[in-house]
Amino acid sequence: MDSQLRRGILDACVLAVLEKGESYGYQLIKDLNAFIDITESTLYPILKRLEQTNMLYVYTVEHSGRLRKYYRITDEGRSKIDSLLSEWEEIIKVYKFITEERNK
Amino acid sequence: MKKAEFLTKLRQALDAAGVANVDSIIQYYDELIYDCMEEGISEENAVASLGSIEEIVKKSGGEVKPSLSYAERITALNDSSNVNKKKLTGIICVSALAIIAVAAMMIGFTKGLFKNIVPVNLNFNEETYVATESSGITTLEINEFSHKIYVYATTDKDISIRYKIPEGYPDNVKITNTGSSLVFERRSLSGSFTMYGNTDTEVYIPQNMVVKLEAKNTSGGIVVKGLDFIDLSLESSSGNIQADVAKSLGGITMKTTSGSIKAENLEAAEALIIGASSGSINVTDVKADRVKASASSGAIKMSEVTSKNVDGDTTSGTIHLEDSAISEKIDLTTTSGGVKFDDISAEEFEFKCTSGSVRGSVKGSKNDYTCRVSTTSGSSNIKEAGSGSKLLTASTTSGSVNITFND
């Protein structure tokens, strides 16, 4: 898959998981792996990018005597999912158009 | 591979690749390994599951230091920008099926698929402990987990500690006062809770009181400012340690594993010992019987040091010593970093590295020195050994040696 495209999809997947509730790195990977292949090293730049663009909010939690970072989706993150979904609707339309043209 | 080894190697590789936000990346993997192990996976397998260091470094390339060329920066910026509609439309013919499949899966799976791990939001209550009649206290011990420790001087006559405890957990902090020693201890809470706002622990010591202080923290930092001590020891695992304007009748020890250390305006009758494995060390204006600074991948920078001996060693970082008057010996060692120095004086100098260069200026004329220089593939500007009373040894394998003498 084109890397630019995959990046957009992964961003949306991470945001979609976080829309269901705040989470942390390890749990996010487990949840994401249920439907898309993602490694730890792939997730890091995504989280960083989403944080820098204010799509998610990061805070620290003490857990068993150490620190854990939690990620929470922001309103901007939610509207990002909406805009990505509407972009994909357009793509689906174009896809239908192309396949129908070919089948004529 | 064990976690510590993995994280040290990763930091070295990230530094070498010029990746920004190295600390944040290290913290991310540190947390993942812990979480993996918490599920019963062995340390080695947890590390192995993260893939190769090369892969991690390659994928961390999204944030690159601005030292890159303009073209590289533009590429990095484009990479991190949001999906562009036009580009998307341009490539749909190849990828449309895949997108639809993933999008459909995403919509289908988002319902009921996720376990919610929501931490408990705890309110913190502020408490103040005052050790009344604390004049007999000679030992003060502070043990924290993640709350940052601040130690300050006060004009009050007693030692006091201001700390926060989570509501409903009165046993979270234990304070023991025997009259001669005061111990503050934070206990671990099981489960998760969030720490909103300022939850620092502040220790106030009367400015004319001299105690032995031992402060320990796990992930939080330690800051000490403006006090005299019988002995001073500050240790953290991943937090930063900072001491500014402090005096010790004994020694001063500052140690952290992955945090960095800043030592400024310090005076110790005995040794000043500083250690940071992967963090950096910054020392300015210190006076001690001897100074030892060691790191493994972090850089060491020391200036205005007055001591009998200075010993600095690191593996992959650079070592820099400047404006320092040492009465006996200066010993600076690194493997892959360089050794740099400016305006330093001593009776004996030993500069050692493997692939880095040895360069800088020492006080005095060339005639004061006997120089022993060895390089294998690098060049040296010292052509004659000389026969002065000061001994200067510089050795490197592939780097070069460039030393100047300032009268």
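In this text, all values refer to a predicted model and were calculated from it rather than measured experimentally.
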Cationic N near anionic O, under 4.0 Å, Glu235(B) to Lys255(B):
no
Checking Thr60(A) side chain against Leu67(A) main chain: does a donor-acceptor pair fall under 3.5 Å?
no
Structural part of Leu43(A) lying under 4.5 Å from a heavy atom of chain B:
both
Centroid-centroid under 6.0 Å between Tyr24(A) and Tyr71(A) rings:
no
Quick one: NZ on Lys9(B) to CD1 on Ile56(B), what's the gap to the nearest 0.5 Å?
12.5 Å
Salt bridge or not for Asp200(B) and Lys164(B), using N-O below 4.0 Å?
no
Is it the backbone or the side chain of Thr39(A) that comes under 4.5 Å from a heavy atom of chain B, or both, or neither?
side chain
Within residues 33-41 of chain B, residues adjacent to chain A where the heavy-atom gap is under 4.5 Å:
Tyr34(B), Asp35(B), Cys36(B), Glu38(B), Glu39(B), Ile41(B)
Determine the interplanar angle of the Tyr70(A) and Tyr59(A) rings, folded into 0 to 90°, and report it as parallel if under 30°, tilted if 30 to 60°, perpendicular if over 60°.
parallel
Lys/Arg N to Asp/Glu carboxylate O, Glu31(B) vs Lys69(A), below 4.0 Å
no
